[in-house]
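Here is the structure we will look at, set down as structure tokens.
All heavy atoms count here, side chains included; hydrogens, waters and symmetry mates do not. Note that the numbering runs from 1 along the sequence shown for the chain.
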Amino acid sequence: MASLTVPPVPTWPRQDAIDLHRAFKGFGCDSTTVISILAHRDATQRALIQQEYRAVFNQDLARRIASELSGHHKRGMLLWILDPAARDATILKQALTGDITDLRAATEIVCSRTPSQLHIMRQTYRARFGCHVEHDVTERTSGDHQRLLLAYLAIPRCEGAAADQAAAALDARDLYRAGERRLGTDERAFIRVFSERGWAHLAAVARAYRHMYDRSLEEAVKGETSGSFGFGLLTILRCADSPARYFAKVLHKAMKGLGTSDSALIRVVVTRAEIDMQYIKAEYHRMYKRSLADAIHSETSGNYRTFLLSLVGSDRAYY
């Protein structure tokens, strides 16, 4: 369930474009107006606004935003105005080919998405950047981590809610034999099960594993794997269990302790606001006894804070 709030009466994209242009003119930028418009329009509306802005002012809205805003606010807004597939492709491209490779961000984008989302993202990646995402993954990753990402990108998986309990038990047995039962780990078995099975089936595998061996599959993965490979497996497993709970944990970690991981905070808020942010907020409150909005308010400031809170939306009582 999305947290994004849009006007009850559809707005006119051309008027939004004109209002944005006025906000950019003069000395300084009227960031309040920019946020009030763009942070309250859905993906279709944002695309139409960008079309109108180019038609009326012969300028690219993204370039104008880049020149008018700054810091984390600019980074977040430039991602937000993209459609979901282009946004994922852009985050993945930056994570894989930036000055510093961000393997955690790249792994999260791949391993937390559904097969249909990945299919569209791969096409968008090719169209925007002129190369296949698999090429960049191959260039910047290695070993079992690379094999997992490439398999997860390529293999179609069922997105339904049904699971074959007998098949799940067989997979649980195979994972036990490939890991905890033997000396060393058969990583290929883990890659096969985690990349070929849909989330509903993998959640059933996790239940079967606990029932059969009195130990969680997550504990087994932690004990048998490590590094980026282990992180990828855990991301898949946790999203199979509950994407909302997974992203609530990512947000909490991003804001925990000294300093804030603004890249992770921006990445989760802008990619989930139109998908399941209400569920993420509920999970965050349940696990940490604090509202997500309150946490973001404490860790951010200025227009950046206003932008994120506009996407996250007002809190409800989760009791």
Considering only residues two or more places apart or on different chains, which pairs with a residue in residues 194-206 satisfy side-chain hydrogen bond (donor to acceptor under 3.5 Å, both in side chains)? Tyr152-Trp199, Asp171-Arg197, Asp171-His201
Take Asp136 and Arg140 through the test salt bridge (Lys or Arg N to Asp or Glu O under 4.0 Å) and record every step on the way to the result. CA-CA 6 Å; Asp136 286 341; Arg140 294 300 181 101; over 6 Å; no
Does Arg64 qualify as a cation-pi partner of Tyr53, given the criterion of NZ or CZ under 6.0 Å from the six-membered ring centre and within 45 degrees of its axis? no
Set of salt bridge (charged side-chain N to carboxylate O under 4.0 Å, His left out) partners for Glu218, sequence neighbours left out: Lys222, Arg238
Donor-acceptor under 3.5 Å (Lys281 side chain, Val312 main chain): yes
Using salt bridge (charged side-chain N to carboxylate O under 4.0 Å, His left out) as the criterion, list what pairs up with Glu224, not counting sequence neighbours. none
Tell me whether Asp214 is salt-bridged to Arg210, with the criterion being a basic N under 4.0 Å from an acidic carboxylate O. no
Could you pull out all residues at least two apart from Tyr246 that satisfy ring-ring contact (aromatic ring centres under 6.0 Å, His included)? none
Yes or no on salt bridge (Lys or Arg N to Asp or Glu O under 4.0 Å) for Glu299 and Arg305, after CA distance, side-chain angles and deciding distance? CA-CA 8 Å; Glu299 296 294 327; Arg305 171 200 284 167; over 6 Å; no
Output the distance between atom CH2 (Trp12) and atom CG (Leu48), rounded to the nearest 0.5 Å. 13.0 Å
Salt bridge (charged side-chain N to carboxylate O under 4.0 Å, His left out) filter on Asp262, not counting sequence neighbours, yields none
Exam field: side chain Glu283 to backbone Ala248, donor-acceptor pair closer than 3.5 Å: no
Just by modelled atom types, is the Pro115 backbone N or O under 3.5 Å from a matching donor or acceptor in the Arg157 side chain? no
Side-chain ion pair, Glu108 and Arg113, N-O less than 4.0 Å: no
Arg192 and Asp174 ion-paired at < 4.0 Å: yes
For Glu134, all residues meeting salt bridge (charged side-chain N to carboxylate O under 4.0 Å, His left out), sequence neighbours excluded: Arg122
Verify, without hydrogens or angle tests, whether Asp102 (side chain) and Ala105 (backbone) share a donor-acceptor contact under 3.5 angstrom. yes
So, does Glu219 use its side chain to make a donor-acceptor pair with the main chain of Ser216 at under 3.5 Å? yes
Separation between OG1 of Thr138 and CZ of Arg147, rounded to the nearest 0.5 Å: 11.0 Å
Under 3.5 Å, side chain of His285 to main-chain N/O of Arg290, donor-acceptor pair present? no
Relative to each other, are the rings of Phe307 and Trp80 parallel, tilted or perpendicular (30° and 60° limits)? perpendicular
For the side-chain contact (heavy atoms from CB on, under 4.5 Å) test, which of Ile81, Leu311, Thr33 pairs with Leu38? Ile81
